Amino acid sequence: MPVQDLTQLKTQVERAVAEAKITDIHTHLYSPAFGDLLLWGFDELVNYHYLVAETLRISDIPYEEFWALSREQRTDLIWKTLFLDNSPYSEACRGVLTVLNELGLDVGSRDVSAFREYYRNQTVHGFIDKAFEVANIDSVVMTNDPFDAQERKVWLEGFEVDPRFKAALRLDPLLVFWDKSYADLKAWGYDVDVALSARSLKEIRRFLSDWIKRMDPVYMAVSLPSSFRYPADNACAKIIEECVLPVSREHNVPFALMIGVKRQVNPGLRLAGDGLGKSDISAVEYLCANYPDNKFLCTMLSRENQHELAVNARKFRNLLVFGCWWFLNNPSLIEEITRMRFELLGVSVIPQHSDARVLDQVIYKWAHSREIIAKVLVDEYSDLARTGWQVSEDEIRRDVNNLFGGNFWSFLEK
Ligand code: RAT
Ligand code: ZN
């Protein structure tokens, strides 16, 4: 019996993973038409809220004093605190260095002015091309909030679409803050009231349909607190049931649930101030079971929810699990979660998204994740090989391409 050459297998998997063009299904990036909403460059990289949280843990600077600094002054403080006074091996710090290194800069020089200088010589369009090329991604899904004044204006005025940037209609204000957002809808000409009368629900459906037509989103999404329960007697559950689910079916636009955040555990940290909590999987189970004609994407924030989420996905073909979200986007956890998902779900999962807020971050997030996913895949195929099963290089590429994009696109087409 011919046996699979494990050294060759490893090379084939690593090559397939390195060469796969990625669809990054959840980011906070924007196409250039959105102007300064698209963040990029050294100062933005270092000011990432993951690094802000780490700095304010170590530094004694009062929060308000920190926020009163200019962006460049904050960079300098973060750099000194996290990179010079301590070794930068946290995932978020290492990420900055991976980016600079992959861009060909001399990380060992520690020369912040040289790093800034490099970026001063880039144009936004040139740098987008470069970041996509170095990260080897072909498209990213944005997070598009119709309640955000700056972003809304761009959508209403219209713009030239860059096909590499796909839209996702984000519904947090509508679902989580209805007691405030209903006033916006009213001001925009939708006849709604806070009590959610039948007329209001119809108007919310009209609002969603209008924005689906305007944005052509690949999905609608919401980030929900760990206290999310479904069914429930509250505005969030009612709007999901009466508006989001029917509109999602009507337009064949899946609903992405991101569950487990505890917003503003420490408001002094601003964007960096959110925490997490364990969530109740029965909400996801209920939605998948009771709405078989709806398609759900789901990611959960707490490590403790990962196993039951994967088990839930085994039960429901209308559920596609994605990504190691936010506090889970760390090598040890990506490895553990990916391994468990591959064991329970085979190839039918989207192992990762970047959550990049700064364009350059796609470079490190994907470099780090590719390495781990490849490692886990090598183990999976090697275990198969021990049974006598052999995978061809084409089969490896088929699987890898599905994991890094194919599964997402075929789920949308279903
Ligand atoms: O990962 C992040 O940057 C978080 O702040 C959140 O944006 C989260 O990913 C979300 O989409 O709500
Ligand atoms: Zn996000």
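Only heavy atoms go into these numbers, but all of them, side chains included; no hydrogens, no water, no symmetry mates. Small disclaimer: the values here were computed from a predicted structure and weren't measured. For reference, positions follow the sequence shown, starting with 1. Indexing begins at 1, ligand by ligand and atom by atom, following the structure's order.
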Checking a contact table here: which protein heavy atom is nearest [atom], and how many Å away?
{"atom": "atom 12 (O) of ligand 1", "result": "R170 NH2, 2.7 Å"}
{"atom": "atom 3 (O) of ligand 1", "result": "R357 NE, 2.7 Å"}
{"atom": "atom 2 (C) of ligand 1", "result": "H49 NE2, 3.5 Å"}
{"atom": "atom 1 (O) of ligand 1", "result": "Y50 OH, 2.8 Å"}

Please work out whether the ring planes of [X] and [Y] are parallel, tilted or perpendicular, with thresholds of 30° and 60°.
{"X": "W79", "Y": "F83", "answer": "parallel"}
{"X": "F165", "Y": "F132", "answer": "tilted"}
{"X": "F127", "Y": "Y118", "answer": "perpendicular"}

Given that the side chain starts at C-beta and the backbone is N, CA, C, O, which of these parts of R263 lies under 4.0 Å from ligand 1, counting heavy atoms, or is it both or neither? side chain
Mode of H353 contact toward ligand 1 - side chain, backbone, both, neither (heavy atoms, under 4.0 Å):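 H353 to ligand 1: no contact under 4.0 Å from either part.
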Geometric cation-pi criterion R214 and W211, 6.0 Å radius, 45° cone: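 Pair R214/W211 counts as cation-pi.
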Note: NE2(H26)-the Zn ion (ligand 2)-NE2(H28) angle, rounded to 10 degrees, equals 110°
List in chain and number order the residues that pass ring pair (Phe, Tyr, Trp, His ring centres under 6.0 Å) with W409, two or more places apart in sequence or in another chain; answer none if no residue qualifies.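 So W409 forms no ring pair (Phe, Tyr, Trp, His ring centres under 6.0 Å) with any residue.
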Can you name the residues that form a ring pair (Phe, Tyr, Trp, His ring centres under 6.0 Å) with F322, not counting sequence neighbours?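 Residues passing ring pair (Phe, Tyr, Trp, His ring centres under 6.0 Å) with F322: H353.
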Please could you name the atoms of ligand 1 that D355 approaches to less than 4.0 Å, counting only its heavy atoms?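 Under 4.0 Å from D355, ligand 1 has these atoms: 1 (O), 2 (C), 9 (O).
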Considering only heavy atoms of H26, which atoms of ligand 1 have at least one such atom less than 4.0 Å away?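 Per the distance check, 9 (O), 11 (O).
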Have a look at D355 and say which of its N, O or S atoms is nearest the Zn ion (ligand 2). OD1
Do R397 and E19 sit within salt-bridge range, that is, some charged N less than 4.0 Å from a carboxylate O? yes
Say whether W325, considering both its backbone and side-chain N or O atoms, lies within less than 3.5 Å of an N or O atom on ligand 1. yes
Can you tell me if CG on D85 sees more than 12 non-hydrogen neighbours from other groups inside 6.0 Å?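 Yes, CG of D85 has more than 12 neighbouring heavy atoms, counting only those of other groups under 6.0 Å.
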